[in-house]
Structure formats: C-alpha cells, structure tokens
Amino acid sequence: MTKKETLSHVVIYTDGACKGNPGPGGWGALLRSSDGTEKELFGGELETTNNRMEMTAVIQALAVLKRPCAVTLNVDSQYVLKGMTEWLAGWKAKGWKTAAKQPVKNVDLWQQLDHQVTHMGHAIDWQWVRGHNGDPGNERADALANRGVEKALGRH
C-alpha cells in the first residue's frame, strides 16, 4: 500500500473574501472527513487582501488536522493553486524572489504554507474549482469567508 492509501482522507474546500482590496477580509474552510463528519472554520482581519485571505483559509484548514492525512484540497484561487504547484520551488530556489527578481508578495504566508505541506506529512491533491459556479463545497466555503468578514467588522 502507498502512503496515501494508509492515511485518513479529508476533503477540504477553502475560500477568501475581501470588501475592498485591501480592506476588511474573511476566510472560510469546510473540512469533510471520510467518516462523514464535517468541520467549519472561519475568521477575518480588518485590513487585508483577497490573496492573503485565500492563503489563510488553506493554512487554517491544514492546521486543524491532528495527524497526517490524504487531503483533497479544493481552492477557487489560481494564485494559491499555481503558487503551490508551479511557482513555489522557483521562489525558494531564488531566495524568495520572483522571476523578475522582486520579493515574493505574502512571503510570510507562503513560508507557513510551505512548512505545513513539507513537514506535516499530508499527501495533498490540489484541485481547482471555479468559484461562484454552484459547487456546494465551494459555496459553503464562500459563505464562511463572508462570515469571517462580518466577524472582523464586529457584526458577527
């Protein structure tokens, strides 16, 4: 059996929201384990960006996993997906600089996410899902992200 076959499977949907960019923002995550249990997470910040909220949703979702899991991670953010599957290795090799030799934006969050992915033992299958297109998991993550905005604004 492969490592992935011996791990518990978790399906995660994440989303971020921002009212103004920058502005008040929220993040949300829906976690569904193979035994059918679900967990909803959300939070927010008063002054942030949409990309930071998209990344924070993934970081917070992975952080609640107590042991290594096989994770199907559904994101509607091309920024997060491409960052993790295409750009990250190059950024690290270049000392966290882009191809244009500029500092990587949101490097603090990219480093956190990189640490989680490389050191926590998860087998992650990154999936892109089109946002606001009727996918039930993505719609719930979006609603949670919007609750995070309300929480940040003190209206929760």
Side-chain angles (χ1 to χ4, degrees), residues 1-34 39-133 135 137-138 140-142 144-145 148-149 152:
M1 281 206 302
T2 66
K3 175 185 171 188
K4 195 170 182 176
E5 290 171 328
T6 62
L7 300 175
S8 299
H9 186 243
V10 178
V11 176
I12 299 175
Y13 287 88
T14 63
D15 201 10
C18 216
K19 308 303 178 194
N21 202 16
W27 58 269
L30 171 66
L31 292 81
R32 220 177 257 146
S33 67
S34 49
K39 184 172 190 74
E40 293 182 338
L41 307 169
F42 65 93
E45 297 176 19
L46 282 175
E47 189 66 17
T48 190
T49 65
N50 191 63
N51 283 341
R52 287 189 69 81
M53 292 294 91
E54 294 281 359
M55 294 178 70
T56 299
V58 176
I59 290 166
Q60 294 294 331
L62 291 174
V64 301
L65 300 177
K66 304 265 191 280
R67 61 187 178 279
C69 295
V71 178
T72 302
L73 192 36
N74 298 280
V75 297
D76 65 4
S77 167
Q78 287 286 337
Y79 177 69
V80 172
L81 181 71
K82 288 184 176 180
M84 291 308 296
T85 61
E86 296 176 26
W87 307 331
L88 188 69
W91 289 339
K92 288 167 66 172
K94 294 179 183 93
W96 294 98
K97 301 273 192 236
T98 65
K101 299 189 176 24
Q102 297 300 309
V104 171
K105 289 184 174 134
N106 304 311
V107 69
D108 58 327
L109 297 180
W110 286 117
Q111 288 173 340
Q112 262 187 277
L113 194 46
D114 178 48
H115 178 80
Q116 285 178 308
V117 169
T118 57
H119 293 88
M120 304 310 285
H122 304 305
I124 301 176
D125 180 17
W126 294 90
Q127 297 288 319
W128 182 72
V129 60
R130 182 177 300 279
H132 311 288
N133 205 40
D135 181 289
N138 178 256
R140 282 184 60 193
D142 178 66
L144 290 164
V149 175

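Since the model is a prediction, treat every value here as computed from it, not as a measurement.
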List in chain and number order the residues that pass side chain to side chain donor-acceptor pair (under 3.5 Å) with [X], two or more places apart in sequence or in another chain; answer none if no residue qualifies.
| X | result |
| --- | --- |
| Ser33 | Asp35, Thr37 |
| Gln127 | Asp125 |
| His132 | none |
| Ser77 | none |

Can you run down the salt bridge (charged side-chain N to carboxylate O under 4.0 Å, His left out) pairs that involve [range], sequence neighbours left out, and say none if there aren't any?
| range | answer |
| --- | --- |
| residues 96-107 | none |
| residues 51-60 | Arg52-Asp108 |
| residues 67-82 | none |

Taking every non-hydrogen atom, the tightest pair across Gln116 and His122: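 Minimum heavy-atom contact is O-CD2, 4.4 Å.
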
Side-chain heavy atoms of Leu62 within contact of Leu113, under 4.5 Å: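 Side-chain contact under 4.5 Å: yes.
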
Check: Asn74 and Leu30 side chains under 4.5 Å, non-hydrogen atoms: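 Side-chain contact under 4.5 Å: no.
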
CG-CG distance between Leu41 and Leu144, expressed to the nearest 0.5 angstrom: 8.0 Å

Expected output: side-chain Asp135 to main-chain Asn138 donor-acceptor under 3.5 Å: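 Yes, the answer is positive, given that a donor and an acceptor are paired below the 3.5 Å cut-off.
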
For Lys92, all residues meeting salt bridge (charged side-chain N to carboxylate O under 4.0 Å, His left out), sequence neighbours excluded: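 Result, salt bridge (charged side-chain N to carboxylate O under 4.0 Å, His left out) vs Lys92: Asp114.
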
By salt bridge (charged side-chain N to carboxylate O under 4.0 Å, His left out) - contacts of Arg140 (at least two apart): Glu38, Glu40

Parallel, tilted or perpendicular: rings of Trp87 and Trp91 (30°, 60°): tilted

Distance-only donor-acceptor pairs under 3.5 Å for side chains of residues 17-27, two or more places apart:
from  : atom 1 : to     : atom 2 : distance (Å)
Lys19 : NZ     : Asn146 : OD1    : 2.8
Asn21 : OD1    : Asn50  : N      : 2.9

Test side chain to side chain contact (heavy atoms under 4.5 Å, CB included) applied to Leu73 and Leu81, Ile124, Val117, Val10, the passing residue: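 Exactly one pass, corresponding to Ile124.
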
Under the side-chain contact (heavy atoms from CB on, under 4.5 Å) test, residues paired with Ala100 that sit two or more places apart: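 Here the qualifying residues are Thr98, Gln102.
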
Residue pairs passing the ring pair (Phe, Tyr, Trp, His ring centres under 6.0 Å) test where at least one lies in residues 53-85, sequence neighbours excluded: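 Output for this query lists Tyr79-Trp110.
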
